[in-house]
Amino acid sequence: MFNKIIENTFQIGFYYSLWFWFFIIESLVVLIVIQKSRRKVQNTDLAFKTAIDKTKVSNEKENMSNVVNSIFGSKQLYDTLKAKCHPDRFQDEKTREKANEIFQIITENKYNYAILQEMKKRAFEQLDVII
Amino acid sequence: MTKCKPNMCNFWYIITSWFNDLRDRRRILNDFNTASRCAFIEGIAPTLLEARVSSGDSAYRHEYSKFMSGGFRIKVMSGNQLSKSEMVEIGQVILSNDRLIRQLIALGWDTLEIHGSTGSHGLKWELRKFSKVGGVLNV
């Protein structure tokens, strides 16, 4: 098939061949499209900004391992942290304030395993609570 | 008012953005599946989760919904039918993650579905309700 096409092109003459003109037109179209897209990005600020935003969105990766860990581990960790870090358990005012702050973050991020793990560390450091 | 004319650049932009969206959608599904697989292998997760694309609910459609692929379905390989509370728990974890929900909406998903490995029953939520989108713009 391909050999026949080549033979035909040489028999007819290269400049009269359909494939030659097809190649020329196609390459011209590609060049015009590339140039237009370049001009568009250079000239219009809005397009440039949206392009940057889009790349930001596509680069921002959601931590899926945290999502999966949250599905299975967040409830258990939340229950233990809620019980151990409750402000009413602490007598000293300073530690109670810290416990209150930690407790608020815990209740706000009930389903976020990574933040709950951080609060577990913070509770150990600031409140001397071993979980 | 200016009239929008269809030109070659718009056409080219539509094609490239369509491919980019497709790539991002695929990446989210792959990330979720690999993370759940790793958690299952390491013993953190007792069951294997799998994210898939489904047709979704037509009643939940929004402006960015993809045609016939608006459902983000999480299938739980539990071996038996999940109870409603278990499904709600899984759904709540995902719905509480604002960033993930916004990302899903931007990429054309409109429905979150949780299904067990057996049985045809599952739960579904409208993603737009949980995205906190629709406030007044501060101009």
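Throughout, protein chains are lettered first and strands after them, A, B, ... in sequence-line order, and every chain is numbered starting at 1.
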- [ ] Answer with side chain, backbone, both or neither: which region of A/Tyr111 has an atom nearer than 4.5 Å to a non-hydrogen atom of chain B?
- [x]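 The answer is both parts of A/Tyr111.
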Task: residues 31-59 of chain B: residues contacting chain A (heavy atom under 4.5 Å, by number) - done: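 The stretch touches chain A at B/Asp31, B/Phe32, B/Ala35, B/Ser36, B/Ala39, B/Ile44, B/Ala45, B/Pro46, B/Thr47, B/Leu49.
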Cluster overlap [X] with [Y], hydrophobic side-chain contacts below 4.5 Å:
X	Y	value
B/Ile14	A/Ile32	no
A/Leu31	A/Ile24	no
B/Leu100	B/Tyr64	no
B/Leu112	B/Tyr60	no
A/Phe124	A/Ile102	no

Open item on the list: Does anything in residues 74-100 of chain A reach chain B? List residues with heavy atoms under 4.5 Å apart, or say none.
Closed with: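 Listed by number, the contacting residues are A/Ser74, A/Lys75.
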TODO: Would you mind reporting whether B/Glu89 and A/Ile71 have side-chain heavy atoms less than 4.5 Å apart?
DONE: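 A/Ile71 does not reach B/Glu89 side chain to side chain.
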TODO: Would you mind checking which part of B/Ile94 comes under 4.5 Å of any heavy atom in chain A, side chain (CB onward), backbone (N, CA, C, O), both or neither?
DONE: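 Side chain only.
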